[in-house]
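For reference, the structure is listed below as structure tokens.
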Amino acid sequence: MTPTERTHAGPVLVLVDHRDGIVVDTALELLTVARTLGTVHALWRGDHPDDGAIRTLGAHGAEIVHHLAAPHAGAELPAVVAHELGGVAESALANTVLLSSSTRHKEVAARTALTLGAGLVVDAVAVRRGADAQIEATVHAFAATWAARVEVARPRAVIAMTAGAVTPSPVQEALVPEVRPHDSGGAADVHGVRLLERTPRPTSHGPDLASARVVVAGGRGTEGDFSAVRELADVLGGAVGSTRVATDEGWIGAETQIGQTGVAVAPALYIGAGVSGAVHHRSGMQSAGTIVAINTDPEAPIFELADFGVVGDLSTVLPQLTAELRRRRA
Ligand SMILES: Cc1cc2nc3c(=O)[nH]c(=O)nc-3n(C[C@H](O)[C@H](O)[C@H](O)COP(=O)(O)OP(=O)(O)OC[C@H]3O[C@@H](n4cnc5c(N)ncnc54)[C@H](O)[C@@H]3O)c2cc1C
């Protein structure tokens with residue numbers, strides 16, 4: 001491959017996640033990274049972004065917002081999102097695509113890379129340009145016991161970034177992005193899959209787990225009673241997480257599971273209550289800024305990585321902690 005073939009120059013396209021029309025933190029993180037790599041384009045799927053959302057995107061460096069109404073059934077299927085993301089990347093001449101490394105978006109990332117013939121990196125915690133403008137990324141491998149630096153060896157790159165890996169920051173002078181409408185490209189079944197049924201799962205009213213700044217997780221030690229975990233998460237404005245034991249037991253929804261086969265989180269604060277710290281769980285939370293462990297067993301492996309530990313019964317410690325936080329806030 002010649003140096004010209006290897007270049008990743010051109011705009012960087014960011015898939016923007018939003019909730020009820022409000023840009024989520026992970027999207028702001030991606031925009032913050034994107035502008036260190038090149039001109040920033042954002043892809044907004046769903047109802048037209050309102051003025052506030054467009055201002056937020058401009059404040060974080062987006063020069064162009066591509067809008068795709070995506071009104072058809074099955075619009076959220078990864079095959080469909082990937083098809084549309086790839087199409088917009090082609091039309092915008094974007095050789096680099098950034099999206100969040102959530103479970104669903106990893107599939108979108110893989111499919112988009114296939115569509116574009118791009119090099120794919122998932123679970124990236126940092127992205128930069130190398131000496132010859134190639135995209136390089138740092139990924140955490142083997143339950144985050146290794147940090148690996150990789151270079152994308154194709155002219156195009158699709159990078160899925162771990163939530164919370166960077167701190168989002170606005171540009172000094174906000175941009176006023178141009179909004180470009182796009183066609184959604186037809187019904188879902190043209191992409192080889194068709195939506196048969198959609199059943200919303202009951203979710204907590206707290207922030208999104210993958211991008212939450214505070215996560216309070218409960219494990220087997222809760223014995224199925226997550227009320228103290230939820231109360232502490234509420235008072236801290238955090239998300240509730242869990243171990244696989246807790247989800248396998250049916251104590252809490254599978255969408256809260258943190259770890260190798262669950263969600264990877266990197267909050268500023270992780271509190272684990274009745275969680276042993278098994279390697280499969282650690283791989284999803286050990287990038288947290290500060291780790292607090294509450295466990296009756298002083299030999300529990302989670303204490304090896306905890307910044308603060310309490311050896312005690314969570315049914316006593318959590319309510320005390322919650323009460324003290326409430327008292328201080330009052
Ligand atoms: C292929 C594979 C993939 C997996 N993927 C995941 C994954 O994604 N996420 C995940 O979490 N697990 C995963 N697991 C399971 C993982 O290996 C562990 O079994 C699991 O994380 C343990 O959950 P736990 O900490 O709740 O339970 P345990 O390991 O049983 O630990 C419970 C802890 O609670 C403490 N405790 C008990 N009572 C109290 C109390 N009253 N107060 C305070 N502490 C108390 C105990 O001392 C103990 O340390 C996976 C396993 C496999 C094989």
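Just follow the structure's listing: the first ligand is 1, and inside any ligand the first atom is 1. Heavy-atom basis, side chains included; hydrogens, waters and symmetry copies ignored.
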Under a 4.0 Å threshold between the charged nitrogen and the carboxylate oxygen, would Arg326 count as salt-bridged to Glu324? no
Nitrogen or oxygen atoms of Gly274 and ligand 1 under 3.5 Å apart: yes
So which heavy atom in the protein is nearest atom 7 (C) of ligand 1, and how far is it from that ligand atom? Gln257 NE2, 3.1 Å
Under a 4.0 Å heavy-atom limit, does Ala278 contact ligand 1 with its side chain, its backbone, both, or neither? side chain
Side chains of Ser101 and Asp123, donor plus acceptor under 3.5 Å: yes
Compute the shortest N/O to N/O distance between Asn295 and ligand 1 and return yes if it is under 3.5 Å, no if not. yes
heavy-atom search around atom 45 (C) of ligand 1 in the protein gives Thr296 OG1, 3.4 Å
When only distance counts, is Ala300 in polar contact with ligand 1, meaning an N/O pair under 3.5 Å? no
Tell me whether Val245 has any N or O atom under 3.5 angstrom from an N or O of ligand 1. no
In the single-linkage hydrophobic clustering (I, L, V, M, F, W, Y; side-chain heavy atoms under 4.5 Å), do Val33 and Val152 co-cluster? yes
What protein heavy atom lies closest to atom 24 (P) of ligand 1? Include the residue and the distance to one decimal. Thr243 OG1, 3.6 Å
Among Val235, Ile294, Leu269, Leu236, which one satisfies side chain to side chain contact (heavy atoms under 4.5 Å, CB included) with Val216? Leu236
SB check Arg35 Glu63 (cutoff 4.0 Å): no
Backbone, side chain, both or neither: what part of Glu223 comes under 4.0 angstrom of ligand 1, heavy atoms only? neither
Per-atom filter on ligand 1: closer than 4.0 angstrom to a heavy atom of Thr261 are 3 (C), 4 (C), 5 (N), 6 (C), 7 (C), 8 (O)
Trp44/His18 under ring-ring contact (aromatic ring centres under 6.0 Å, His included): CA gap, chis, key distance, verdict: CA-CA 8 Å; Trp44 179 283; His18 52 92; 3.8 Å; yes
Sub-4.0 Å atoms of ligand 1 with respect to non-hydrogen atoms of Gly262: 8 (O)
Can you check which of Gln260, Met285, Arg220, Arg244 brings a heavy atom nearest to atom 2 (C) of ligand 1? Arg244
So is Gly312 touching ligand 1 or not, going by heavy atoms under 4.0 Å? yes
Ionic contact status for Glu304 with Arg282, cut-off 4.0 Å: yes
List every atom of ligand 1 that sits less than 4.0 Å from any heavy atom of Gly221, numbering the atoms from 1 in the order shown and giving each element. 34 (O), 36 (N), 37 (C), 38 (N), 39 (C), 40 (C), 41 (N), 45 (C)
Gly219 heavy atoms within 4.0 Å reach ligand 1 at atoms 26 (O)
Does the pair Glu84/Arg45 count as a salt bridge with the N-to-O cut at 4.0 Å? yes
Evaluate Ser315 for polar contact with ligand 1, using N/O atom pairs at a separation under 3.5 Å. no
Look at atom 31 (O) of ligand 1 and find which of Gly218, Ser276, Gly284 reaches it with the closest heavy atom. Ser276
Name the one of Ile271, Ile302, Asp307, Leu321 that satisfies side chain to side chain contact (heavy atoms under 4.5 Å, CB included) with Val292? Ile271
Within the 4.0 Å heavy-atom cut-off, what Ile258 brings close to ligand 1 is backbone
Checking a contact table here: which protein heavy atom is nearest atom 42 (N) of ligand 1, and how many Å away? Leu314 N, 2.9 Å
Just by distance, no angles: are the side chains of Thr36 and Arg129 close enough, under 3.5 Å, to form a donor-acceptor pair? no
Quiz question: by atom type and distance under 3.5 Å, do the side chains of Ser242 and Thr256 form a donor-acceptor pair? yes
Please compare His281, His280, Arg282 and report which has the shortest non-hydrogen distance to atom 16 (C) of ligand 1. His280
Quick one: look up the protein heavy atom nearest atom 41 (N) of ligand 1 and list residue, atom name and how far away it is. Asp313 OD1, 3.0 Å
Under the side chain to side chain contact (heavy atoms under 4.5 Å, CB included) rule, collect the residues that match up with Thr316, sequence neighbours excluded. Asp313, Gln320
Which value, rounded to the nearest 0.5 Å, describes the distance between Leu116 atom CG and Leu120 atom CG? 11.0 Å
